[in-house]
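Quick notes on the structure that follows.
Proteins come first, then strands; the chains are lettered A, B, ... in the order of their sequence lines, and each starts at number 1. Quick note: numbers below take in every heavy atom, side chains included, and nothing from hydrogens, waters or symmetry partners.
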There are 2 protein chains.
Amino acid sequence: MRNGNVYAAACPTRQILDRVGDKWAVLILLLLRDDTRRFNQLRRAIEGISQKMLSQVLKSLERDGLIRRRVIATVPVTVEYSMTPLGTTLAAAVDPLRDWAEKNLKDVLAAQRRYDAQQADKAA
Amino acid sequence: MRNGNVYAAACPTRQILDRVGDKWAVLILLLLRDDTRRFNQLRRAIEGISQKMLSQVLKSLERDGLIRRRVIATVPVTVEYSMTPLGTTLAAAVDPLRDWAEKNLKDVLAAQRRYDAQQADKAA
DNA sequence: CGGGATCCGCATCGATACTG
DNA sequence: CAGTATCGATGCGGATCCCG
């Protein structure tokens, strides 16, 4: 789908990026890789996510076959989310990115400061 | 910034994801890695991007120190975009993701069809 | 050619309330 | 506990026009 260095709208990279591009989705994948977790556990583990978003993202991850949802008939009901093998391979593919983030964030922030200072000069 | 398995709003992973999450940004990085390119070359290479988005994303990538912008004083003006060393390392970190996408997209699509079929059953 | 400025609709997302 | 439903703001992103 990459023909002649053109990224068509339907190329796999773009389709996957549309999903991985969702910041919440990636965070959930990275969390579930460590451990099976329940709904409210995830909610507490991801600062700032609303339950609407969480529910929505979990559903879409399940739909994509990346995580598995297990309902346990307790009172009240318990729901466990865990990785599928497919999800595990995706999480592994995301790893280098997380490593890069931790290693290079400060360089990015420094670049931003340089850029902003330069823009401020121009304005003056 | 990842303390006790909690992803705080300010953790590097989340900050970088906010940028890599931008689907356009990643595509531009992958394109510029191959070659220096001009504005309209990029525009044509990325199906569906508006010039507003392209301009915006290029600016933010430059601000992050990931790409370099070179203005050449011709008539009319020529502007070349190219990778910085930092950008190159990020592109490398994104590579596994692209590979994963190309290898596993059809599994994801299949999972979606299974999920949707199952939902349709429940509705009936 | 390489953008900036403006207008504006539509989808996202958060907040709140309610349910099995 | 684990969600769904509804509403309302806001901001992203496309379209258009213009400029150096």
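The nucleotide range of DNA chain C contacted by chain B, defined by atoms under 4.0 angstrom from heavy atoms of the protein and reported 5' to 3', is C:dC1 to C:dC7.
In this structure, A:R38 contributes its side chain and A:T78 its backbone to no donor-acceptor pair below 3.5 Å. A donor-acceptor distance shorter than 3.5 angstrom exists from the side chain of B:Q15 to the backbone of B:A10, with no hydrogens or angles considered. Proximity of a side-chain donor or acceptor of A:R43 to a complementary backbone N or O of A:L54 within less than 3.5 Å is not detected. The main-chain N or O of A:G65 is found under 3.5 Å from a side-chain atom of A:T84 such that the two form a donor-acceptor pair.
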Practice prompt. Do nucleotides 9-20 of chain D as a string where each nucleotide becomes B, S or -: B if the base has a protein heavy atom under 4.0 Å, S if just the sugar-phosphate does, - if no protein is that close.
Written response: ----BBBBB---
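Non-hydrogen atoms lying under 4.0 Å from DNA chain D are contributed by A:R69, all within residues 64-72 of chain A.
Under the 4.5 Å side-chain heavy-atom criterion for ILVMFWY residues, a single connected hydrophobic cluster contains both B:I16 and B:L30. Put simply, B:V71 and B:L32 are part of the same group of oily side chains (I, L, V, M, F, W, Y) that touch within less than 4.5 Å, one to the next.
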Practice prompt. Take A:V6 and B:R44 through the test side-chain contact (heavy atoms from CB on, under 4.5 Å) and record every step on the way to the result.
Written response: CA-CA 8 Å; A:V6 172; B:R44 277 186 300 266; over 6 Å; no
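In this structure, A:S55 reaches the D:dT4 phosphate: one of its side-chain N or O atoms is under 4.0 Å from OP1 or OP2. A:Y81 has a side-chain polar atom (N or O) that falls below the 4.0 Å cut-off from OP1 or OP2 of D:dG3.
When A:E62, A:Q41, A:R69, A:R70 are each tested for a side-chain hydrogen bond (donor to acceptor under 3.5 Å, both in side chains) with A:Y81, only one passes: A:R69. Each of B:L58, B:L61, B:I49 was checked for a side chain to side chain contact (heavy atoms under 4.5 Å, CB included) with B:W24, and the lone residue meeting it is B:I49.
One interatomic measurement links the two molecules: CZ of A:R38 to P of D:dC1, which rounds to 7 Å at whole-angstrom precision.
Between A:R113 and A:D116, no side-chain nitrogen of the basic residue sits less than 4.0 Å from a carboxylate oxygen of the acidic one, so the salt-bridge criterion is not met.
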